[in-house]
S.K.: 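Would you mind keeping the following structure in view while I ask a few things?
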Number of protein chains: 2
Amino acid sequence: MTSVGRSVTIQDVANDSGVSVATVSRALRGLPNVAPSTRERVQESAERLDYHPDPAAARLASGRSRTVAMAVPSLDSWYFTQVMAGVEAVLTAAGYDLLVFAIDSDSARRRMTQGPLVKRADGLIIVNIKLSADESAALASAGVKVVSVGAASDSFSSVRVDDERVAELAVEHLMSLGHRRIGLAGHGDDPMKFDVPLDRRSGYRNVLERAGLTVDEELERGAGFSVAGGSEAAAHLLDLDDPPTAIFAMSDETAFGVMRAVWDRGLRVPEDVSVVGVDDHEFSAVVGLTTIRQDVTEHGSVAARLLLDRFVDPAIEATKYAVPIALIERKTTSAPAVIRH
Amino acid sequence: MTSVGRSVTIQDVANDSGVSVATVSRALRGLPNVAPSTRERVQESAERLDYHPDPAAARLASGRSRTVAMAVPSLDSWYFTQVMAGVEAVLTAAGYDLLVFAIDSDSARRRMTQGPLVKRADGLIIVNIKLSADESAALASAGVKVVSVGAASDSFSSVRVDDERVAELAVEHLMSLGHRRIGLAGHGDDPMKFDVPLDRRSGYRNVLERAGLTVDEELERGAGFSVAGGSEAAAHLLDLDDPPTAIFAMSDETAFGVMRAVWDRGLRVPEDVSVVGVDDHEFSAVVGLTTIRQDVTEHGSVAARLLLDRFVDPAIEATKYAVPIALIERKTTSAPAVIRH
DNA sequence: TTGTAAGCGTTATCAC
DNA sequence: GTGATAACGCTTACAA
């Protein structure tokens, strides 16, 4: 229980151990060219005095902050916070701190690339955010390393799944059960900034086309990767003159919304409508949702690791890491009960 | 697109606007004693040069970091991230940054009160974490303001719900439907650090005792406020010789796990077992879970606001803010189908 | 192997 | 109302 006031500085440790502050700095950071006996003495002093280097001073002198920033479109989505959990665990183990930003407006977006953020963090992990060339350049020139989760990029490393394949797995599964009229919930409305939905739509179309079916754009309905979005999209699809017998939702949360809309109409899943999601959300097992599984936490831990690697070797080349996926069959998909029309 | 290298400093702005750095600092921070014309000129220069003060330098000189840290037991819980969303929104609006820590080990806990964290943040928001006297003292002497969400405290402000009342509402509802044998899922196993479960158990017992029923400890089963915890607790309760006809789960996530366990046994909700949760999770409406609603995001925004208030007036007294609650009746509760034994 | 000292970019305390 | 200038606590050449 220290008294209020000035805290222990490197100078205190230097005095206590009878060496200069420079030596203390070297000793404590494990730099070479320090006599073992000296290092030991310094460490002992630091420990006894409960010394902790001031991060702001270190940042000012060295330019490095041992902090990484993470930017997500929102904080109330399961996916984003799950990624964050993966990021945090790896960062903490490496002695880095995590700064979190929700990028939900243009001003927030500007703050990410221009504002003081670039001086506060050595690296930036963006999730489901697509950087413009200017934004990338600004970050690069400020010396901020970037790793992207969700969206690919040529200028920095990224971790994502093969989104076309994700959709193909889902739709192939539905087709194999006999479905021919398959709805799509979730191709989103912001293609400028985020291309996951577009890739998944491509995968969806690929399978239909390969099977010789014509793509009916009426069956593709935007949704916000959220429960509400899924409900809205499904409501629309089910009101069609010729409604789908199955719906591929672009996330499990979207799928939950779809299921809700189905139930609200007095229909049953999967008897009347089959549903497939993506993620393998914690609740999917509870409600028996068939889904395309991906380890979301791993997205985060891999991203953090790629970033840390980049810190130790800035010359390392940008990689595109693909997380594995798998179809998990549960109870929301079955053969269509009736052949319609 | 600036070139790589040194960024714009206060000196550059000073040169550009023809005043000293001291004046620039004053002008830009809105301090008094600056001629309006000067201030305008400085602001114009800063804008044009795209100047942003270095947070580390400011922190070093002023002692304030315009950053707050948030510590949660884990990042993969809906509750915590929802609180975080509320915190982030308020902080961002006030120009503060958010540092996130998962406190899932003793070393993480130590880092929170001793390590460099205290030099990185002006304030700390803890969620469902109970500080020891020593920890509180350490934080206080380091000048870090604390606000607690979930756990109350005498030394700093807190925001929470009336947890006894939460449980009472839930159990009274069950009793009014005719249930007499009511299970409790979730009183946790870490009473040293977190007293929400204990208060909820008190509320649960209060209602039973008021009704003249005897409390059967066999019906009280720990659970980790998670889906898995709920399943485990429910499995145990349902295997009792005289199983409950209803279960009060301490969170919606716990309730989902309870429901799963009920279904796994071939039983139905609510026909065989009624279930009530707490939170009003986004998915509760989807599955029709009866619950005690609380605005979780608001927990976070209120906490952040209390902290910011404390920054402007450190002498402000510690308050205990109680967030409102309400019973939301849905489809998981009904009268017990059979009067047992 | 160790010490000296010059920064790093601000803020704050004085004078003026 | 404005300007010097001394901190703030550390890192890092450069010397020794």
Side-chain angles (χ1 to χ4, degrees), chain A residues 5-43 45-46 49-67 95 115-120 122 142-143, chain B residues 5-43 45-46 49-67 95 115-120 122 142-143:
Chain A
R6 210 172 85 9
S7 67
V8 183
T9 75
I10 198 173
Q11 184 63 254
D12 298 324
V13 180
N15 296 152
D16 185 80
S17 50
V19 296
S20 73
V21 295
T23 300
V24 172
S25 178
R26 285 188 287 250
L28 259 24
R29 283 182 303 150
L31 296 188
N33 297 330
V34 175
S37 63
T38 307
R39 194 188 302 274
E40 207 172 331
R41 192 150 33 90
V42 171
Q43 283 171 334
S45 282
L49 298 179
D50 193 32
Y51 166 70
H52 296 282
D54 185 317
R59 152 71 176 78
L60 196 55
S62 72
R64 273 156 270 122
S65 60
R66 291 195 78 79
T67 300
L117 189 159
V118 303
K119 298 185 181 162
R120 289 179 121 308
D122 299 335
Chain B
R6 211 172 88 5
S7 67
V8 183
T9 74
I10 198 173
Q11 184 64 59
D12 298 324
V13 179
N15 294 153
D16 185 80
S17 50
V19 295
S20 73
V21 295
T23 301
V24 173
S25 180
R26 283 188 287 252
L28 259 23
R29 284 183 301 151
L31 296 189
N33 295 331
V34 175
S37 63
T38 306
R39 192 188 302 274
E40 207 173 329
R41 193 151 33 91
V42 170
Q43 283 171 332
S45 281
L49 298 180
D50 193 32
Y51 166 70
H52 297 281
D54 185 316
R59 151 71 176 78
L60 195 54
S62 72
R64 272 157 271 122
S65 60
R66 291 196 77 81
T67 299
L117 189 159
V118 304
K119 298 186 180 163
R120 289 179 122 307
D122 299 335

S.K.: Whole angstroms only, please: what is the CD-C1' distance between B:Glu40 and D:dG1?
M.R.: 16 Å
S.K.: Taking only the side-chain nitrogens and oxygens of B:Thr9, find out if one of them lies under 4.0 Å from OP1 or OP2 of C:dG9.
M.R.: no
S.K.: Whole-Å distance between D:dG1 P and B:Arg41 CZ?
M.R.: 14 Å
S.K.: For a quick test of reading the model: is some side-chain N or O of B:Arg64 closer than 4.0 Å to OP1 or OP2 of C:dA12?
M.R.: yes
S.K.: Round to the nearest Å and state the distance from A:Asn33 atom CG to C:dG3 atom C1'.
M.R.: 14 Å
S.K.: What contact category does B:Ala22 fall into here, base, sugar-phosphate, or nothing, at under 4.0 angstrom with non-hydrogen atoms?
M.R.: base
S.K.: Just call it for A:Asp54: base, sugar-phosphate, or nothing, with non-hydrogen atoms closer than 4.0 Å on any strand.
M.R.: sugar-phosphate
S.K.: To the nearest Å, give me how far apart CZ (A:Arg120) and C1' (C:dG9) are.
M.R.: 14 Å
S.K.: Give the minimum heavy-atom separation between A:Leu60 and B:Ala57, together with the two atoms involved.
M.R.: CD1-CB, 3.8 Å
S.K.: Below the 4.0 Å mark, does C:dG3 have OP1 or OP2 next to a side-chain nitrogen or oxygen of A:Ser20?
M.R.: yes
S.K.: Figure out the CG/P separation between B:Leu31 and D:dG1, and round it to whole Å.
M.R.: 13 Å
S.K.: Does C:dT2 have OP1 or OP2 under 4.0 Å away from a side-chain N or O of A:Thr38?
M.R.: yes
S.K.: Measure the spacing between CG of B:Leu49 and OG of B:Ser17 and express it to the nearest 0.5 Å.
M.R.: 8.5 Å
S.K.: What is the distance from CZ of A:Arg29 to P of D:dT11, rounded to the nearest Å?
M.R.: 4 Å
S.K.: Choosing from C:dT10, D:dT11, C:dG3, which nucleotide comes nearest the side chain of B:Ala61?
M.R.: C:dT10
S.K.: Using whole Å, report how far CG of B:Leu28 lies from P of C:dG9.
M.R.: 16 Å
S.K.: Hey, what do you get for CG (A:Leu28) to OG1 (A:Thr23), rounding to the nearest 0.5 Å?
M.R.: 11.0 Å
S.K.: May I ask you to evaluate whether B:Thr23 reaches the phosphate of D:dG3, defined as a side-chain N or O under 4.0 Å from OP1 or OP2?
M.R.: yes
S.K.: Using a distance-only test with no angle check, is there a side-chain donor-acceptor pair under 3.5 angstrom linking A:Thr67 and B:Arg120?
M.R.: yes
S.K.: Step by step, work out the side chain to side chain contact (heavy atoms under 4.5 Å, CB included) result for B:Val8 and B:Asp50.
M.R.: CA-CA 7 Å; B:Val8 183; B:Asp50 193 32; 5.5 Å; no
S.K.: Considering heavy-atom distances to DNA chain D, does B:Lys119 or B:Val21 have its closest nucleotide positioned more toward the 5' end?
M.R.: B:Val21
S.K.: Rounding to an integer number of Å, can you tell me how far B:Tyr51 OH sits from C:dG9 P?
M.R.: 10 Å
S.K.: Check this one for me: any side-chain N or O of A:Arg59 less than 4.0 Å away from OP1 or OP2 of C:dC8?
M.R.: no
S.K.: Do B:Arg26 and D:dG3 have a side chain to base donor-acceptor pair shorter than 3.5 Å?
M.R.: yes
S.K.: Just to confirm, is there a sub-4.0 Å distance from OP1 or OP2 of C:dA12 to any side-chain nitrogen or oxygen of B:Ser25?
M.R.: no
